[in-house]
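Report on the following structure.
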Amino acid sequence: MSKIVPVGVSARHIHLTQEHVEALFGAGYQLTEFKPLSQPGQFAANEQVAVIGTKSKFDKVRILGPVRPESQVEISRTDAFALGVKAPVRESGHIEGTPGITLKGPAGEVELQTGVIIAARHIHFHTSEAEAWGIKDKQMLKVRLGGERGLVLENVLARVSDKFKLDMHIDTDEANAASANNGDNAEIID
């Protein structure tokens, strides 16, 4: 049985706490939806801020909503080099011991003490799909990624929840290496 998964390319982005949203945009400010994302309830916000590293900065980095318990900046390895930050590969939400960075919005700045990561490549599975395919939460998978210059990716993290919709997330470096795009398909091979 083929195990085909749609691919989503995740560009650099930011997750913020409500406290940091207000520090960057003003007291009482609420994120507004630009467009929905592949996972239910998640959205790309209209709001964007500057991410300022020691070597350079990126303007207009999009915030993803809704707000989270901890702020986090997700970048690619190429972005990390450009910014001058040594970001580790981590599962989203696992920010202990990670470097910080400066965020600048229209109403102020936030100095994150931690939270800069290169997100581990992963596949979101609804519980029913994971069970049907014999896949467990946190299992590491091997995936064939199509595209003009297809790749086989190892150490693809399985994330399983009743709240998820089937979708593989890779960053822009990985997508560029395979000439892959949003909406392409990948196949779980091990």
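Surrounding NZ of Lys35 are at most 12 heavy atoms belonging to other residues, nucleotides or ligands under 6.0 Å away.
Remark: the backbone N or O of Thr172 is not paired with any side-chain donor or acceptor of Ser76 at under 3.5 angstrom. When atom types are taken as modelled, the side chain of Ser161 and the backbone of Lys163 share a donor-acceptor pair closer than 3.5 angstrom. Between the Thr98 side chain and the Gly115 main chain, a donor and an acceptor come within less than 3.5 Å of each other. Without hydrogens or angle criteria, Asn176 side chain to Asp173 main chain gives no donor-acceptor distance under 3.5 Å. For Glu174 (side chain) and Asp171 (main-chain N/O), a donor-acceptor pair under 3.5 Å exists by modelled atom type. In this structure, the side chain of Gln72 does not engage the main chain of His15 through any donor-acceptor pair within 3.5 Å.
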Only distances under 3.5 Å count here; give the side-chain donor-acceptor pairs of residues 39-48 to other protein atoms, sequence neighbours excluded, each with its distance to 0.1 Å.
unit_1 : atom_1 : unit_2 : atom_2 : d
Gln39  : OE1    : Lys165 : N      : 2.9
Gln39  : NE2    : Lys165 : O      : 2.8
Asn46  : ND2    : Thr32  : OG1    : 3.0
Asn46  : ND2    : Glu33  : O      : 3.2
Glu47  : OE1    : Thr32  : N      : 3.1
Glu47  : OE2    : Tyr29  : OH     : 2.7
Glu47  : OE2    : Thr32  : N      : 3.4
Glu47  : OE2    : Thr32  : OG1    : 2.8

Under 3.5 Å, which donor-acceptor pairs do the side chains of residues 142-156 form with other protein atoms, sequence neighbours left out?
unit_1 : atom_1 : unit_2 : atom_2 : d
Arg144 : NH1    : Glu187 : OE1    : 3.4
Arg149 : NE     : Ala177 : O      : 3.2
Arg149 : NH2    : Ala177 : O      : 3.1

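Here the shortest heavy-atom pairing between Ala50 and Asp59 reads CB-OD1, 3.7 Å. Between Pro88 and Pro99 the shortest heavy-atom distance is CD-CD, 3.7 Å. Shown here for Ile75 and Ala87, the closest heavy-atom pair between the two residues is CD1-CB, 4.2 Å. The minimum heavy-atom distance linking Leu141 with Gln139 is given by the pair CD2-NE2, 3.5 Å. When all heavy atoms of Asp137 and Val160 are compared, the closest pair comes out as OD1-N, 2.9 Å. Residues Thr127 and Asp162 come closest through the heavy atom pair OG1-OD1, 2.6 Å.
Both Leu112 and Leu31 belong to a common hydrophobic cluster when Ile, Leu, Val, Met, Phe, Trp and Tyr are linked at side-chain heavy-atom distances under 4.5 angstrom. In this structure, Val85 is a member of the same hydrophobic cluster as Leu16, with clusters built from ILVMFWY side-chain heavy atoms closer than 4.5 Å. Residues Val7 and Leu64 are members of separate hydrophobic clusters, defined by side-chain heavy-atom contacts under 4.5 angstrom among Ile, Leu, Val, Met, Phe, Trp and Tyr. A continuous path of ILVMFWY side-chain contacts below 4.5 Å connects Val61 to Val110, so both sit in one hydrophobic cluster. Hydrophobic clustering places Ile188 together with Ile170 (ILVMFWY residues linked when any side-chain heavy atoms are closer than 4.5 Å, directly or through intermediates).
We find the OG1-CD distance between Thr17 and Glu70 to be 9.5 Å, quoted to the nearest 0.5 Å. Atoms CD1 and CD1, on Ile52 and Ile101 in that order, are 8.5 Å from each other to the nearest 0.5 Å. From Met140, atom CE reaches atom CG of Leu157 across 5.0 Å, with rounding to the nearest 0.5 Å. Note that the CG atom of Asp190 and the NZ atom of Lys3 stand 8.5 Å from one another [nearest 0.5 Å].
Partners of His124 under the ring pair (Phe, Tyr, Trp, His ring centres under 6.0 Å) rule, at least two apart in sequence or in another chain, are His122, Phe164, His169. With sequence neighbours excluded, no residue satisfies ring pair (Phe, Tyr, Trp, His ring centres under 6.0 Å) with His126.
Contact annotation: the side chain of Leu166 approaches that of Trp133 to within less than 4.5 Å [non-hydrogen atoms, C-beta and beyond]. Inter-residue side-chain proximity for Leu103 and Val51 is flagged as met; some heavy-atom pair is nearer than 4.5 Å. Put simply, the side chain of Val9 reaches to within 4.5 Å of the side chain of Asn182, judged on heavy atoms. Taking 4.5 Å as the limit, every side-chain heavy atom of Ile14 sits out of range of all side-chain heavy atoms of Ser71. For the pair Glu91 and Arg159, the minimum side-chain heavy-atom distance is below 4.5 Å. Contact of the Val67 side chain with the His20 side chain is not registered, since no non-hydrogen atoms from C-beta on lie closer than 4.5 Å. Between Gln18 and Gln30, some side-chain heavy-atom pair lies under the 4.5 Å cut-off.
Applying the ring pair (Phe, Tyr, Trp, His ring centres under 6.0 Å) definition to pairs two or more places apart or across chains, none involves residues 47-77. Applying the salt bridge (charged side-chain N to carboxylate O under 4.0 Å, His left out) definition to pairs two or more places apart or across chains, those involving residues 4-23 are Arg12-Asp79.
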